[in-house]
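Atom set for the values below is all heavy atoms of this structure, side chains included, hydrogens, waters and symmetry mates excluded.
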Amino acid sequence: MSKLKQLLSLAELSPAMLNDLLNLALKVKQQPEKYTQALAGKSIALIFEKPSLRTRVSFDVGIYKLGGHSVYLDQQNGAMGKRETVADFGRNLACWTDAIVARVFSQQTLEQLAQASHKPVINALSDLYHPCQALADLLALKERFGDLTKVHLAYVGDGNNVCHSLMIGAALSGMKMTVVTPQGFSPDAQVLLRVQKIAADTGAVLELSPHLSAAAGADAIYTDTWLSMGDKADPEQIERVFKPYQINTAVMQRLAVKYFMHCLPAHREHEVTSEVLDSEASLVLLQAENRMHAQNAVLISLFA
């Protein structure tokens, strides 16, 4: 197996690497006492250009549980690229820390950090990808279904960073994934080409449709906020376009879907109703919990 050197996108992984990461995450979750010194003596920089609850806390607590030390950096001391260049920021952090976790507006920022720092960089969310979230989601599905090649996941909503990472993860896992988006909100074309190439090798099936009915019979249906963080689109227009794609009890029953998934934060009564979000079919808290276990598996693999 190739060694994990960084995680800017799940596309950097092979199917075997992804499978090993998910299996390791399960071990870390089930037997945390075995990994309490996995990051002993390691310091991890946590850079956040965007607000965060799950990402910040799960990384901070997770690093502590592995015996490491985290350094939190927000934008109060000057935004990267403004007070000093991203490259200079990365080169300086490399003098003191062993890895960089960054939640940024632009994927390009991550690439510049990785190139300049020569230390492992983990994407904690960018405009293009959210790999740590997708790992946690795949872990939740693995716990529920076991064999991911037998799973049919439907994603409904904006073809955004979460959608991109789920598509790549599904392709690497050999899953079937149906992506339902309104016209004009499809996934990025370059990401789609990459996913199709991976799927051709793994036997995964990817379907794209503007019709909610395409999600019928899926094992789980996944949605995300209609207006991504930092998006300047007109909220009223977005509401009109996406309202027919709301996940509610009637939709869950009509499509005969067993589970509901969301990366959170959720905008209740918009992309999903509270009745579904708080129901027994909802996996959202399992997904949130699994953020830490999946990320810990990534950290352990980086320093193995």
Could you grab the distance from atom CD1 of Ile300 to atom CG of Leu39, nearest 0.5 Å is fine? 7.0 Å
Give the minimum heavy-atom separation between Leu113 and Ala102, together with the two atoms involved. CD1-CB, 4.0 Å
So does Gln196 have more than 12 non-hydrogen atoms from other groups sitting under 6.0 Å from CD? yes
Transitive ILVMFWY side-chain link Val195 to Leu148, under 4.5 Å: yes
Sub-4.5 Å side-chain heavy-atom contact between Thr178 and Leu153: no
If I compare all heavy atoms of Val241 with all of Pro182, which pair ends up nearest, and what's the gap? CG1-CB, 3.7 Å
Drop me the distance from Met177's CE to Glu207's CD, to the nearest 0.5 angstrom. 11.0 Å
Positive for side-chain hydrogen bond (donor to acceptor under 3.5 Å, both in side chains) with Ser126, one of Arg103, Glu49, Gln108, Gln107: Gln107
Close side-chain approach of Val61 and Lys65, heavy atoms under 4.5 Å: yes
Apply side chain to side chain donor-acceptor pair (under 3.5 Å) to residues Ser165 and Gln133 and explain how you reach the verdict. CA-CA 8 Å; Ser165 288; Gln133 179 65 56; over 6 Å; no
Evaluate the criterion side chain to side chain donor-acceptor pair (under 3.5 Å) for residue pair Gln287 and His262; output intermediate values, then yes/no. CA-CA 8 Å; Gln287 294 171 258; His262 194 302; over 6 Å; no
Polar side chain donor-acceptor pair, Asp98 to Ser43, under 3.5 angstrom: no
Would one find more than 12 heavy atoms of other residues, nucleotides or ligands at under 6.0 Å from atom OH of Tyr72? yes
Between Thr97 and Ile44, is a side chain to side chain contact (heavy atoms under 4.5 Å, CB included) present by the stated rule, with each step listed? CA-CA 6 Å; Thr97 65; Ile44 315 296; over 6 Å; no
For Glu269 and Ser274, does a side-chain donor sit closer than 3.5 Å to a side-chain acceptor? yes
Can you tell me if Lys243 has over 12 outside heavy atoms packed within less than 6.0 Å of its NZ? yes
Donor-acceptor pair, distance only, cut-off 3.5 Å: does the side chain of Ser173 make one with the backbone of Ala170? no
Stepwise, does the side chain to side chain contact (heavy atoms under 4.5 Å, CB included) test hold for Ser9 with Ile168? CA-CA 9 Å; Ser9 162; Ile168 297 170; 3.8 Å; yes
Under 6.0 Å from the CD atom of Gln115, do we count more than 12 heavy atoms belonging to anything else shown? no
Please tell me if the side chains of Tyr259 and Asp219 come closer than 4.5 Å, counting only heavy atoms from C-beta onward. no
Enter the distance from Asn290:CG to Leu135:CG here, rounded to the nearest 0.5 Å. 10.5 Å
Take a 6.0 Å sphere around CZ of Arg91 and say whether it holds more than 12 heavy atoms from other residues, nucleotides or ligands. yes
Please test Leu206 against Leu192 for side chain to side chain contact (heavy atoms under 4.5 Å, CB included), starting from the C-alpha separation and ending with a verdict. CA-CA 9 Å; Leu206 177 67; Leu192 180 58; 3.4 Å; yes
Measure the shortest side-chain to side-chain distance between Leu93 and Ile47 over non-hydrogen atoms and say whether it is less than 4.5 angstrom. yes
Under 3.5 Å, side chain of Asn248 to main-chain N/O of Thr273, donor-acceptor pair present? no
Closest approach of Cys132 and Asn123, non-hydrogen atoms and distance? SG-O, 3.6 Å
Strictly by modelled atom types, are Asn160 and Tyr155 linked by a side-chain donor-acceptor pair under 3.5 Å? yes
State, to 0.1 Å, how close Leu10 and Ala134 come at their nearest heavy-atom pair, and which atoms those are. CD1-CB, 3.7 Å
Considering only heavy atoms from C-beta outward, does the side chain of Phe59 approach that of Ser52 to under 4.5 Å? no
If hydrophobic clusters are built from ILVMFWY residues whose side chains come within less than 4.5 Å, do Leu26 and Val151 share one? yes
Closest heavy-atom contact between Ile247 and Val276? O-CG2, 4.1 Å
To the nearest 0.5 angstrom, please state how far the CD1 atom of Ile100 sits from the CD1 atom of Ile122. 10.0 Å
Short question: side chain of Asn161, backbone of Leu128 - any donor-acceptor pair under 3.5 Å? no
So, Lys29 and Glu143, do they make that salt bridge, N to O below 4.0 Å? yes
Just by distance, do the side chain of Asn92 and the backbone of Asp88 share a donor-acceptor pair under 3.5 Å? yes
Using only heavy-atom distances, determine whether the side chains of His270 and Gln246 contain a donor-acceptor pair under 3.5 Å. no
Hydrophobic clustering (ILVMFWY, side-chain heavy atoms < 4.5 Å, transitive) - are Leu264 and Val162 grouped together? no
Could you give the distance from CG (Leu302) to NZ (Lys119), rounded to the nearest 0.5 Å? 12.5 Å
Less than 4.0 angstrom from a charged side-chain N to a carboxylate O is my criterion; do Arg268 and Asp278 meet it? yes
Keeping the roles fixed (side chain from Ser282, backbone from Leu277), state whether a donor-acceptor pair exists under 3.5 Å. yes
Is there a donor-acceptor contact under 3.5 Å from the side chain of His164 to the main chain of Asp188? yes
So, do Phe48 and Val104 sit near enough that their side-chain heavy atoms are less than 4.5 Å apart? no
Are more than 12 heavy atoms from other residues, nucleotides or ligands located less than 6.0 Å from atom CD of Gln31? yes
With ring centroids as reference points, do Tyr245 and Phe185 lie under 6.0 angstrom apart? no
Evaluation steps, side chain to side chain contact (heavy atoms under 4.5 Å, CB included), between Leu299 and Leu66: CA-CA 9 Å; Leu299 289 164; Leu66 296 178; 4.3 Å; yes
Verify the neighbour count for atom CD of Glu33: are there more than 12 heavy atoms of other residues, nucleotides or ligands below 6.0 Å? yes
Indicate if Leu138 and Val156 have the same hydrophobic cluster label, given that clusters are the connected sets of ILVMFWY residues with side-chain heavy-atom separations under 4.5 angstrom. no
For the residue pair Ser58 / Gln295, report whether a side-chain donor-acceptor contact shorter than 3.5 Å exists. yes
Donor-acceptor contact present, side-chain Thr85 to main-chain Gly81, <3.5 Å: no
Compare all side-chain heavy atoms of Pro187 with those of Val179 and state whether any distance is below 4.5 angstrom. yes
I'd like to check Phe242 versus Glu271 (side-chain heavy atoms, cut-off strictly below 4.5 Å). Are they in contact? no
Would Ser106 and Asp127 count as a side chain to side chain donor-acceptor pair (under 3.5 Å) if you check the C-alpha gap in whole Å, the side-chain angles of each, and the deciding distance to 0.1 Å? CA-CA 5 Å; Ser106 171; Asp127 57 336; 4.7 Å; no
Heavy-atom closest pair, residues Ala266 and Val272: CB-CG1, 4.3 Å
May I ask whether Met261 and Met292 are part of the same hydrophobic cluster, defined by side-chain heavy atoms of I, L, V, M, F, W, Y residues being less than 4.5 angstrom apart, directly or through others? no
So, taking the atom named CG in Leu166 and the one named CE in Met175, what distance separates them when rounded to the nearest 0.5 Å? 8.0 Å
Determine whether the aromatic ring centres of residues Phe260 and Tyr222 are separated by less than 6.0 angstrom. no
